[in-house]
Asks: 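So that we are looking at the same thing, I have put the structure below in structure tokens.
In this chain, numbering begins with 1 at the start of the sequence shown.
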Amino acid sequence: NFVGGNAWRSLEILCLFLHHAIYIWLVAQIPTIPQKLVFMVLSQATGGLFIGVVFTVGHNAMEILTPEEMKDTDFIRMQLVTTRNIDPSPF
């Protein structure tokens with residue numbers, strides 16, 4: 001499901017299309033194939049690093065349950081105490 005329901009679906013699809021169109025256009029502007037490959041590898045590596053940082057920060061300092069505590073805790077409570085309560089926003 002899309003966040004916000006179907007009202008945002010068209011906008012999300014449009015933004016994804018624009019993202020890939022601009023990326024392909026940028027790669028097409030680079031003169032040689034080796035430079036294109038270096039740009040593509042570095043841009044993907046940088047994006048992966050940023051995703052990793054967001055994941056690490058989002059899961060840092062969360063409560064860690066022992067196996068005994070996990071057996072005594074239902075799924076919903078375990079999800080609530082081991083994840084952050086963050087409201088989604090466009091930024």
Asks: Among Ile, Leu, Val, Met, Phe, Trp and Tyr joined by side-chain contacts under 4.5 Å, find the other residues sharing a cluster with Val54 and list them by chain and number.
Replies: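 Val54 shares its hydrophobic cluster with no other residue.
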
Asks: Could you tell me the separation between the CG atom of Leu26 and the CE atom of Met40, rounded to the nearest 0.5 Å?
Replies: 11.5 Å

Asks: In the hydrophobic cluster built from side-chain contacts under 4.5 Å, what are the other members alongside Leu18?
Replies: Leu14

Asks: How is the hydrophobic cluster of Leu37 composed, in terms of its other members, when Ile, Leu, Val, Met, Phe, Trp and Tyr link through side-chain heavy atoms under 4.5 Å apart, directly or indirectly?
Replies: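 Via sub-4.5 Å side-chain contacts, Leu37 links to Ile33.
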
Asks: Quick one: ring-ring contact (aromatic ring centres under 6.0 Å, His included) partners of Phe55, sequence neighbours excluded?
Replies: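 With neighbours one apart ignored, the set is His59.
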
Asks: Taking only residues at least two apart or on different chains, which pairs with a member in residues 32-42 satisfy side-chain hydrogen bond (donor to acceptor under 3.5 Å, both in side chains)?
Replies: Thr32-Gln35

Asks: May I ask you to list the residues sharing a hydrophobic cluster with Val38, side-chain cutoff 4.5 Å, ordered by chain and number?
Replies: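 Hydrophobic cluster check, Val38: joined to Leu42.
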
Asks: So with a 6.0 Å cut-off around CG of Leu16, is the heavy-atom count from everything else above 12?
Replies: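 Yes.
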
Asks: Which pairs count as side-chain hydrogen bond (donor to acceptor under 3.5 Å, both in side chains) when at least one residue sits in residues 40-54, sequence neighbours excluded?
Replies: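 Residue pairs with at least one partner in residues 40-54: Tyr23-Ser43.
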
